[in-house]
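To start, the structure under review is shown below, and the notes come after it.
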Amino acid sequence: MSETNHAIEIVDIGWLKEYEANAKKHPDDEVAKLATSIEKFGWTAPIIVWKDGVIIAGHGRRKAALKLGLKKVPVIVRRDLTKAQADALRLADNRVAGTQYDQAAIQIELQRLADELDGSFELSDMGFTDKELDFSLGDLDEISDDLFVDDISGAVETQKEENKAKVEAVDDTAAPVGDALGFKRVTIEESRRLKGLMAQIETRSGKSGVQALIHVLSAAVEDK
């Protein structure tokens, strides 16, 4: 990696290739925000690629450019890297990308910009949702509890649905009997008695195996 300065080049967007195993995901709403930012403010960061056009950093910006119908995009081509170094940089870029922000500083900046912008830009063009703007621009003493309640309720419902889906996904997976009953071994005598009891349970319930056992145990618990 001998080069310290890397010139920005303008290339056909068709030359760029996604890295198939890229670890960072770019949902549609994020791509839409990136597209709006590029459209309003221009390119603030070029796409970083390896010498074969495979993207190292900027998969989201490429998708945003495609969404805008752009034919040319700014790139930095890292010809100084080996493939392994390019792969390492890609993973490092995804890993160290900052996700923690000073909310108080953001609130101050948004309030200042709301007063100073001349109408050429909308605050929403910067990627903030209406709810985030309401929170940042409003007086905390006057903000409706619904801003928090809706988010919390939605998060709880989402978590419940996710948990239900996870349970349903593994319900039919085979598990050791010992894990269900709480013991793994019985004596020969106990085994003989259990077999006899299971035979009677199956005859009386008309069910077989574990379904017969669950039927009888459930009935016994309900009777109490």
4.5 Å side-chain heavy-atom contact, [X] and [Y]:
X	Y	value
Arg61	Ile55	no
Arg192	Glu189	yes
Lys72	Asp12	yes
Val11	Val73	yes
Glu30	Lys63	no
Arg90	Asp87	yes

Check: Quick one: do Asp29 and Lys33 make a salt bridge, cutoff under 4.0 Å?
Finding: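 No, Asp29 and Lys33 are not salt-bridged.
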Check: Measuring from Lys207:NZ to Leu213:CG, what's the distance to the nearest 0.5 Å?
Finding: 12.5 Å
Under 4.5 Å between side-chain heavy atoms, counting indirect links through other Ile/Leu/Val/Met/Phe/Trp/Tyr residues: same cluster for [X] and [Y] or not?
X	Y	result
Val210	Met198	no
Trp43	Val77	yes
Phe41	Leu34	no

Check: With sequence neighbours excluded, what pairs up with Leu68 under the side chain to side chain contact (heavy atoms under 4.5 Å, CB included) test?
Finding: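 Leu68 satisfies side chain to side chain contact (heavy atoms under 4.5 Å, CB included) with Ala35, Ile38, Glu39, Leu70 once adjacent residues are dropped.
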Which residues pass the salt bridge (Lys or Arg N to Asp or Glu O under 4.0 Å) test with [X], not counting sequence neighbours?
X	answer
Asp28	none
Asp52	none
Lys17	none
Glu9	Arg79

Margin query: For Ile188, I'd like to know if atom CD1 has over 12 heavy atoms of other residues, nucleotides or ligands within 6.0 Å.
Written below: no
Note to self: Running the 4.5 Å side-chain criterion over Ile, Leu, Val, Met, Phe, Trp and Tyr, what cluster does Tyr19 land in, apart from itself?
What the structure shows: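 Noted: Tyr19 shares its cluster with Val54.
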Checklist line | Closest approach of Lys67 to Val31 (non-hydrogen atoms, all atoms of both residues) | finding: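 Shortest heavy-atom contact: CD-CG1, 4.3 Å.
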